[in-house]
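Residue numbers begin at 1 in each chain, while the letters A, B, ... track the order of the sequences. Computed from heavy atoms alone, side chains included, the values below leave out hydrogens, waters and symmetry copies.
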Amino acid sequence: MSDKIRVRFAPSPTGGLHLGGVRTALFNYLFARQNGGDFILRVEDTDQTRFVEGAEEYILDCLNWCGITPDEGPHAGGEFGPYRQSERKALYREYAEQLVEQGNAYYAFDTPEELDQKREEIPNFQYGHTHRNNLRNSIFLPVNEVQQLLKDGVPHVIRIKVPVDENIGFNDLIRGRVNFETSTIDDKVLLKADGMPTYHLAVVVDDYLMQITHAFRGEEWLPSAPVHLLLWEYLGWKTAMPQWAHLPLILKPDGHGKLSKRDGDSLGFPVYAMNWTDPKNGDLTKGFRELGFLPEAFVNLLAMLGWNNGTDQEIFSLEELVQQFSIDRISKAGAQFDFEKAKWYNHEWIKQSSAANLEPQVIPVLRQHNIFAENYPQLKKIIDLVKDRCTLLTDFYEHSAYFFQKPTTETIDWPSIQPKWNQAKTDFFRAFIQKSQEIETWETVVIETTFKGLVQEKGIKIGEVMLPFRIILVGGKFGPAVFDIAEVLGKQEIAERIEAALAFLGR
RNA sequence: GGCCCGUUCGUCUAGGGGUUAGGACGUUAGAUUUUCAUUCUAGAAACAGGGGUUCGAUUCCCCUACGGGCUACCA
């Protein structure tokens, strides 16, 4: 076996991919890239009742959007396939049977109903050493009866036989030594009645077969780690076991409970990376992408949830993260998600992104409002002019719409100029239209000089006409420097806007 | 209930036996921007509690409290 670093992201295709999932994928990716290793996508679709059509494609789309495409997986191929556990079904039974033969596992014929009843009758019922000896399994039942049940095809599961009074532990890369007492662990089901493995069996078998060297997963898996440890040992693969790193959980903003898929967008912010439509009922759950997040920002904010490089730096590109990521700087405590800070990251990324990078993402935003800017020669300039004002990509609409559409008499902020309007201002703007038509090189500075020269000439205060000029062109008290706006709009357009305003004000 | 993990400003976090406990988000106040945003300056804001160990503990150890996770033929 080579010593190449191999990590896997192993989601279950049961719906949208949420924050925590993407972060796990990201940390896997960073670690793999940093060490010249492989990043594998493995689809854990062993629960046929929870399978959701389209979820797998959606997950891959999310990873692609974030720029963390797997090297191996159901779509990328690879030497360790198949990468969907449902397609590896036959494999798991062999190992489960091997464990039964070795005496480390056993057949159990109890029906779910019987177990439910036990749980009701016996407080804190656990299917383990305390009860396994009088339940319907191959430990308690006579051999010939078990043979008969198997021959008759009676539905059964295979359970691990957890030893009594053993101390078992491992060194977590994030938490250090973690120990468990086996007597407190129950005999987890390894192979379900439908022949599919549970997570516990599948994760061990596949991590071994796929030669995974480091396993990152959420902290919620910590309690089942001892089961996995036992399996690695019983299957005889102990020396090949990956190193574990249990990531801190991402908590709801109020700190009560982990952020879960089911939170959807009910918390006032999205939980999913991208829009997700439930194929069963058509319900749409909003995602970060559609809300106007840049993938760079999304990746950045996710990385900072539980990791930092020890300095004050907070803005990291994916490349920088690959360079600087280190497991020992991952924090142990869960992190409450703060949407305000998330938006700050996006704002920062928009501000520092080039117009060229932003342009293809701004065009669809404008198109949603029937502004078709793709062939607009000044689009890049407009983006540079307004990007400081945009926290989300969707903000580009309200901050740049006036470049493409004349403000209407209904939307213009008349109250800010009308009360102080007078004939002198009307005269000034008429004269300005005239003067501006004579400008040969239509540039910000020239427009400004012309404007100011006219102010002098007319003997009025510049403060009295600056705001009206802005409002006439833009519609309100916002936007970049007014002469920059005038330059982009062009002399014809500003003349039309001034004329329209004068007509309204002169009624 | 049992087991496991955790605990520095409201939030994300840095730090680490001796510090004015640092930064960022948010927030407050000012400056700049003849608009808004950006930018800049300043302010308020934290070591959960109790025992040890030590000359000294927020930092190391123990206990308690609190929070979280798991406790399915779900992952």
First encountered from the 5' end of RNA chain B, between A/T311 and A/D388: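 With A/D388 and A/T311 compared, the 5'-side residue is A/T311.
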Whichever of A/C390 and A/G334 has its nearest RNA chain B nucleotide further upstream toward 5':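 On the 5' side of the pair lies A/G334.
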Pairing nucleotide - [N], Watson-Crick or G-U, each distance under 3.5 Å:
| N | result |
| --- | --- |
| B/U58 | none |
| B/U35 | none |
| B/G6 | B/C66 |
| B/C40 | B/G30 |

Scan [X] against the nucleic acid and name what it touches under 4.0 Å (heavy atoms): base, sugar-phosphate only, or nothing.
| X | answer |
| --- | --- |
| A/H347 | sugar-phosphate |
| A/V203 | nothing |
| A/G310 | sugar-phosphate |
| A/G306 | sugar-phosphate |
| A/R175 | sugar-phosphate |
| A/T111 | base |
| A/F180 | sugar-phosphate |
| A/N179 | sugar-phosphate |
| A/P123 | nothing |
| A/A335 | sugar-phosphate |
| A/V189 | sugar-phosphate |
| A/R119 | sugar-phosphate |
| A/A481 | base |
| A/N308 | sugar-phosphate |

Whether over 12 other heavy atoms sit under 6.0 Å from A/K332 NZ: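 Check fails, neighbour count at 12 or below.
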Within 6.0 Å of NZ in A/K252, more than 12 heavy atoms from elsewhere: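 Yes.
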Return yes if a side-chain donor-acceptor contact under 3.5 Å exists between [X] and [Y], otherwise no.
| X | Y | value |
| --- | --- | --- |
| A/S12 | A/E44 | no |
| A/N309 | A/Q324 | yes |
| A/R159 | A/N137 | no |
| A/D187 | A/Y106 | yes |
| A/E121 | A/Q117 | yes |
| A/R217 | A/H246 | yes |
| A/D413 | A/S416 | yes |

Roughly, in whole Å, what's the span from [atom1] in [X] to [atom2] in [N]?
| X | N | atom1 | atom2 | answer |
| --- | --- | --- | --- | --- |
| A/F337 | B/U11 | CZ | P | 16 Å |
| A/N167 | B/C3 | CG | P | 13 Å |
| A/D312 | B/U13 | CG | P | 15 Å |
| A/E398 | B/A37 | CD | C1' | 11 Å |
| A/K341 | B/G10 | NZ | C1' | 13 Å |
| A/R470 | B/U35 | CZ | P | 8 Å |
| A/Q48 | B/A72 | CD | P | 21 Å |
| A/K332 | B/G6 | NZ | P | 6 Å |

Atom [atom1], compared across [N] and [M]: separation rounded to whole Å:
| N | M | atom1 | answer |
| --- | --- | --- | --- |
| B/A37 | B/U27 | P | 12 Å |
| B/U54 | B/A72 | P | 47 Å |
| B/U53 | B/U19 | C1' | 22 Å |
| B/U38 | B/U33 | C1' | 9 Å |
| B/G15 | B/A21 | C1' | 8 Å |
| B/A45 | B/G23 | P | 14 Å |
| B/A75 | B/G16 | C1' | 39 Å |
| B/U7 | B/A46 | C1' | 12 Å |

Go through [options] for me and flag the one nearest to the [X] side chain.
| X | options | result |
| --- | --- | --- |
| A/R389 | B/A37, B/A75, B/C12 | B/A37 |
| A/E44 | B/G6, B/A75, B/U11 | B/A75 |
| A/Q336 | B/C5, B/C36, B/U11 | B/U11 |
| A/E220 | B/G69, B/C25, B/C73 | B/G69 |
| A/Q126 | B/G26, B/U71, B/A75 | B/U71 |
| A/L467 | B/C74, B/U35, B/C5 | B/U35 |

Side-chain N or O of [X] less than 4.0 angstrom from OP1 or OP2 on [N]?
| X | N | answer |
| --- | --- | --- |
| A/K192 | B/C74 | yes |
| A/T184 | B/U71 | no |
| A/S416 | B/U35 | no |

Between A/F504 and A/W414, ring centroids under 6.0 Å: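 Ring centres of A/W414 and A/F504 closer than 6.0 Å.
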Aromatic ring proximity A/F170/A/W232, centre distance under 6.0 Å: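 A/F170 vs A/W232: aromatic centres not under 6.0 Å.
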Parallel, tilted or perpendicular, as decided by the 30° and 60° cut-offs, for the rings of A/H156 and A/Y107: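 Perpendicular, since the angle between the ring planes exceeds 60°.
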N/O to N/O distances under 3.5 Å, protein versus nucleotides 39-48 of chain B:
unit_1, atom_1, unit_2, atom_2, d
B/U39, OP1, A/K351, NZ, 2.7

Annotated protein contacts, base or backbone, on nucleotides 63-68 of chain B with a non-hydrogen cut-off under 4.0 Å, one of B, S, - each: ----SS
A/N300 side-chain N/O to A/Y345 backbone N/O, donor-acceptor pair under 3.5 Å: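 Judged by distance alone, no pair lies under 3.5 Å.
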Distance under 6.0 Å and angle within 45° of ring axis: A/R136 vs A/F140: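 Verdict for A/F140: no cation-pi partner in A/R136.
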Pair of N/O donor and acceptor under 3.5 Å linking B/A72 base with A/K188 side chain: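 In this structure, the two groups form no donor-acceptor pair.
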